[in-house]
Asks: 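Following this message is one structure expressed as structure tokens.
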Amino acid sequence: MKSTPLAYAFLLVGLLCVVAAVLYYFGVLQFFVTDPHAAHHTTHAILFIVLAVACFIAFNFIRPKTA
């Protein structure tokens, strides 16, 4: 299934995951953390980076390619 809107949706979600990873790493986001007073939430940042990479891989497979 090659779908341009779905491909760009994966790209957008991947970019949002990168932004969330940076915000979690610098301690700006405090959602779903066990210690809200910690300066860095490295595990959440790593999780969002992994999700971003997965979205970028999905974008690469789903996007229509020109011949």
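Everything numeric in this text was worked out from a predicted model, so none of it was measured.
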Asks: Is it true that F59 and Y8 have ring centroids separated by less than 6.0 Å?
Replies: yes
Asks: Is there a path of hydrophobic side-chain contacts, each under 4.5 Å between heavy atoms of I, L, V, M, F, W or Y residues, that connects L15 with I62?
Replies: yes
Asks: Any chain of hydrophobic side-chain contacts (each under 4.5 Å) joining V53 to F61?
Replies: yes
Asks: First locate atom CG of L11, then atom OG1 of T4, and finally report the distance between them rounded to the nearest 0.5 Å.
Replies: 12.0 Å
Asks: On a heavy-atom basis, which atom in Y24 and which in A45 lie closest, and how many Å separate them?
Replies: CB-N, 4.2 Å
Asks: Locate the shortest heavy-atom distance separating C55 from F10; write the atom from each residue and the value.
Replies: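 For C55 and F10, the tightest heavy-atom pair comes out as CB-O, 3.5 Å.
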Asks: Linking I/L/V/M/F/W/Y whenever any side-chain heavy atoms sit under 4.5 Å apart, do V28 and I46 land together?
Replies: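 Hydrophobic grouping puts V28 apart from I46.
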Asks: Are V13 and F56 linked, directly or through other ILVMFWY residues, by side chains that come within less than 4.5 angstrom of each other?
Replies: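 No.
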Asks: Which pair of non-hydrogen atoms, one from G27 and one from H41, has the smallest distance, and what is that distance?
Replies: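 So the two residues come closest at CA-CD2, 4.4 Å.
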Asks: Between T42 and Y25, is there a side-chain heavy-atom distance shorter than 4.5 Å?
Replies: yes
Asks: Hey, any chance V19 and L47 share a hydrophobic cluster, counting ILVMFWY side chains that come within less than 4.5 Å of each other, even indirectly?
Replies: yes
